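The structure under discussion appears below in the form of structure tokens.
Predicted model, so just to flag it, every value in this text is computed and none were measured.
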Amino acid sequence: MTQENINIQAEFSYNGVNYKYTCPYNQLDRNYDDEHYAYFLKDIPNTECGLFEINIQKDKETELIIENGYVAIYSAPEQAAPDTLIDASIAFV
């Protein structure tokens, strides 16, 4: 299976709630060849503009995504930096 044919699954807990999101590799919101990460975005449920930025790291030598990542939490769209970072379990499914 090539990376283009995989789904990326992220599981994490935020404010006592467990979340599980899946994104096809070819639908990532950001995945530039010259960056050591890729990500996809999900709205935080029950908020007006909260956003989960689910980051997937890449191998520094091959630039292929790996099963390692974290979630950046943004409470407002104009923020340049996240409110907090939390660990995520990343898996290819």
Side-chain angles (χ1 to χ4, degrees):
M1 171 176 9
T2 65
Q3 286 204 317
E4 291 77 22
N5 297 326
I6 64 169
N7 288 317
I8 301 161
Q9 180 176 282
E11 291 185 64
F12 57 94
S13 180
Y14 175 63
N15 284 343
V17 178
N18 293 324
Y19 293 93
K20 183 179 189 179
Y21 293 108
T22 302
C23 180
Y25 175 87
N26 62 357
Q27 293 180 16
L28 290 166
D29 290 301
R30 184 173 182 141
N31 186 15
Y32 297 130
D33 291 337
D34 63 341
E35 293 180 335
H36 298 294
Y37 65 95
Y39 67 69
F40 62 98
L41 304 169
K42 293 292 183 181
D43 292 333
I44 299 175
N46 304 316
T47 65
E48 284 189 33
C49 57
L51 193 64
F52 292 134
E53 180 186 275
I54 301 165
N55 291 269
I56 304 96
Q57 296 176 330
K58 294 181 181 180
D59 180 275
K60 290 180 181 177
E61 291 180 21
T62 66
E63 291 301 319
L64 297 174
I65 59 172
I66 57 176
E67 292 179 310
N68 195 22
Y70 61 94
V71 180
I73 311 292
Y74 293 87
S75 58
E78 67 275 0
Q79 286 179 258
D83 296 322
T84 191
L85 301 175
I86 57 175
D87 290 330
S89 173
I90 304 295
F92 300 151
V93 295

Residues in ring-ring contact (aromatic ring centres under 6.0 Å, His included) with Y19, at least two apart?
-> F12, F52
Could you tell me which residues satisfy salt bridge (charged side-chain N to carboxylate O under 4.0 Å, His left out) with E67, sequence neighbours excluded, listed by chain and number?
-> none
So which heavy atom on P24 is nearest to which on N7, and how close?
-> CA-OD1, 3.2 Å
Find out whether Y14 and I73 are in side-chain contact, i.e. whether some heavy atom of one side chain is under 4.5 Å from a heavy atom of the other.
-> yes
Transitive ILVMFWY cluster of Y37 at side-chain heavy atoms under 4.5 Å: who else is in it?
-> Y39, L41, L51, Y74
Sequence neighbours excluded - side-chain hydrogen bond (donor to acceptor under 3.5 Å, both in side chains) pairs with any residue from residues 79-89 | S75-Q79, S75-D83, Q79-D83
For residues V71 and A88, report the shortest heavy-atom separation together with the two atoms involved.
-> CG2-CB, 3.8 Å
Y32, I54: one ILVMFWY side-chain cluster at the under-4.5 Å cut-off?
-> no
Which hydrophobic side chains are connected to Y70, either touching it within the sub-4.5 Å cutoff or through other members that do?
-> L85
Going hydrophobic residue to hydrophobic residue with side-chain gaps under 4.5 angstrom, can you get from F92 over to L64?
-> no
NE2 of H36 to CD of E63: how many Å apart, nearest 0.5 Å?
-> 5.5 Å
Polar contact flag, side-chain donor to acceptor under 3.5 angstrom, Q57-N55 | no
Within 6.0 Å of CG in D33, more than 12 heavy atoms from elsewhere | no
CZ (R30) and CG (L28) are apart, to the nearest 0.5 Å, by 12.0 Å
Pairs in or reaching into residues 20-29: which pass side-chain hydrogen bond (donor to acceptor under 3.5 Å, both in side chains), with residues at least two apart or in two chains?
-> Y25-N31
Would you mind reporting whether I65 and I90 have side-chain heavy atoms less than 4.5 Å apart?
-> no
